[in-house]
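Report on the following structure.
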Amino acid sequence: MADLFSLAGMQGPARQELADGAVLLRGRALADEESLLASLDGIVAAAPFRHMVTPGGFTMSVAMTSCGAAGWVTDRGGYRYAPLDPLSGRPWPPMPAVFLKLATSAAAEAGFAGFMPDTCLVNRYEPGARMSLHQDKDEGDLGHPIVSVSLGLPAMFQFGGLARNDKPQKVPLEHGDVVVWGGPSRLAFHGVLALKDSAHPRLGRNRINLTFRKAL
DNA sequence: TAGTTCCG
DNA sequence: GCTC
C-alpha cells in the first residue's frame, strides 16, 4: 500500500536543512489534516479572519486570527501580543489539542524538544496575498523556536539571513509541510511571495498557515 | 519594512 | 529586483 508521501505526490527528501537551526519537514502535517481543519473551523467561528493594519497605515493582504493565551495583532499603535481579541473583547479561542501535538512533535523532530507554544497565529492567504520579508521579534523570549505549518495552496516561502539585505532562499511549500526555525536562525528574515491563483482540492483558493510561538 | 507603488 |  502506498504511504502518505506517495499519495500526496511528494518527491525529494522528507527533511531538509534550510540553515543552522532551520528545518523543513515535508508532509509532516498530512496525517492530522482533517483534525487540523476541523479545529480551524471552530477557531474561525469564534474569532473570524480579519485584515489588520500595519503601524504605517497599510492594510495587510493576509487575513489573520489567533488561538491560545494571546494573539498577534497589529494596528497603528504597533505590533504586539494581546490576551483579548480586539474584535470581540473576549479571549482568543483555546489552542486545540491537535495543534499543540503537531507543534510540539514537529519542534522535537527539528531539535527543539520541550517547545510549548502558547499562541498560534492563523494566516489566510488568498490569490495575490503576500507577506513581505520580516523578523518575528515580538515574543518575550527569543530562545523558543517558531513552528510554521502550511495547508492548502502552495506558496513560495522566502527564508533569509539575520540581515534584511541577505539574499533569501526560495523554498516551495505545499499542503502539509512544516518549517521549524530557532536557535541561530530564530531571527532569520522570512516572507511569502504573492500567492499564485489555483485551487486546492480540500481548501479551494486558500492557503492557511499556522504559526506557533511561545509569546508570553 | 508583517506595507504599496513604480521603473527598467 | 531595487527603491522608500
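Within every chain, numbering begins at 1; the chains are lettered A, B, ... in the order of the sequence lines, protein sequences first and strands thereafter.
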Give a yes or no on this: more than 12 heavy atoms of other residues, nucleotides or ligands lie within 6.0 Å of atom CG of A/Asp197. yes
Within a radius of less than 6.0 Å around CZ of A/Arg15, do more than 12 heavy atoms belonging to other residues, nucleotides or ligands occur?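 Enclosed.
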Show your reasoning for whether side chain to side chain contact (heavy atoms under 4.5 Å, CB included) applies to A/Lys167 and A/Gln158. CA-CA 9 Å; A/Lys167 181 180 179 178; A/Gln158 289 187 295; over 6 Å; no
Please report the distance, rounded to the nearest Å, between [atom1] in [X] and [atom2] in [N].
X: A/Asp166; N: B/dT1; atom1: CG; atom2: C1'; result: 15 Å
X: A/Arg50; N: B/dA2; atom1: CZ; atom2: C1'; result: 15 Å
X: A/Asn165; N: B/dT1; atom1: CG; atom2: C1'; result: 11 Å
X: A/Met64; N: B/dG3; atom1: CE; atom2: C1'; result: 12 Å
X: A/Met60; N: B/dT4; atom1: CE; atom2: C1'; result: 13 Å
X: A/Leu193; N: C/dG1; atom1: CG; atom2: C1'; result: 12 Å
X: A/Met52; N: B/dT1; atom1: CE; atom2: P; result: 16 Å
X: A/Gln158; N: B/dG3; atom1: CD; atom2: P; result: 12 Å

Assess the side chains of A/Asn209 and A/Ser148: does a donor N or O sit below 3.5 Å from an acceptor N or O? yes
Can you give the dot-bracket line for DNA chain B, using ( ) for pairs inside the strand, [ ] for pairs that cross earlier ones, | for pairs with another strand and . for unpaired bases, where Watson-Crick and G-U count if both distances are under 3.5 Å? ..|...|.
Distance check, P atoms only: B/dC7 and B/dG3, in whole angstrom units. 22 Å
Separation between the P atoms of B/dT1 and B/dT5, rounded to whole Å: 14 Å
So if I take every side-chain heavy atom of A/Ser61 and compare against C/dG1, B/dT4, B/dA2, which nucleotide ends up nearest?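 Closest nucleotide among those given: B/dT4.
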Are A/Lys214 and A/Asp118 close enough for a salt bridge, meaning some N to O gap below 4.0 Å?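 Here A/Lys214 pairs with A/Asp118 in a salt bridge, since their nearest N and O are under 4.0 Å apart.
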Sidechain N-carboxylate O distance under 4.0 Å for A/Arg202, A/Glu34: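 Salt bridge between A/Arg202 and A/Glu34, a charged N being under 4.0 Å from a carboxylate O: yes.
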Which part of the nucleic acid, if any, lies within contact of A/Arg80, taking any heavy atom under 4.0 Å across all strands shown: a base, the sugar-phosphate backbone alone, or nothing? nothing
Going by the angle between their ring planes, with limits at 30° and 60°, are A/Phe212 and A/Phe99 parallel, tilted or perpendicular? perpendicular
Ring geometry between A/Trp181 and A/Phe159 (parallel below 30°, tilted from 30 to 60°, perpendicular above 60°):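 Geometry flag for A/Trp181 against A/Phe159: perpendicular rings.
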Using the side-chain contact (heavy atoms from CB on, under 4.5 Å) definition, which of the options A/Thr119, A/Leu84, A/Ile43, A/Thr65 pairs with A/Trp92?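 Among the candidates, only A/Thr65 passes.
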Contact list please: residues 115-145 of chain A against DNA chain B, heavy atoms, distance less than 4.0 Å, in numerical order. A/Arg130, A/Met131, A/Ser132, A/Leu133, A/His134, A/Asp136, A/Asp138
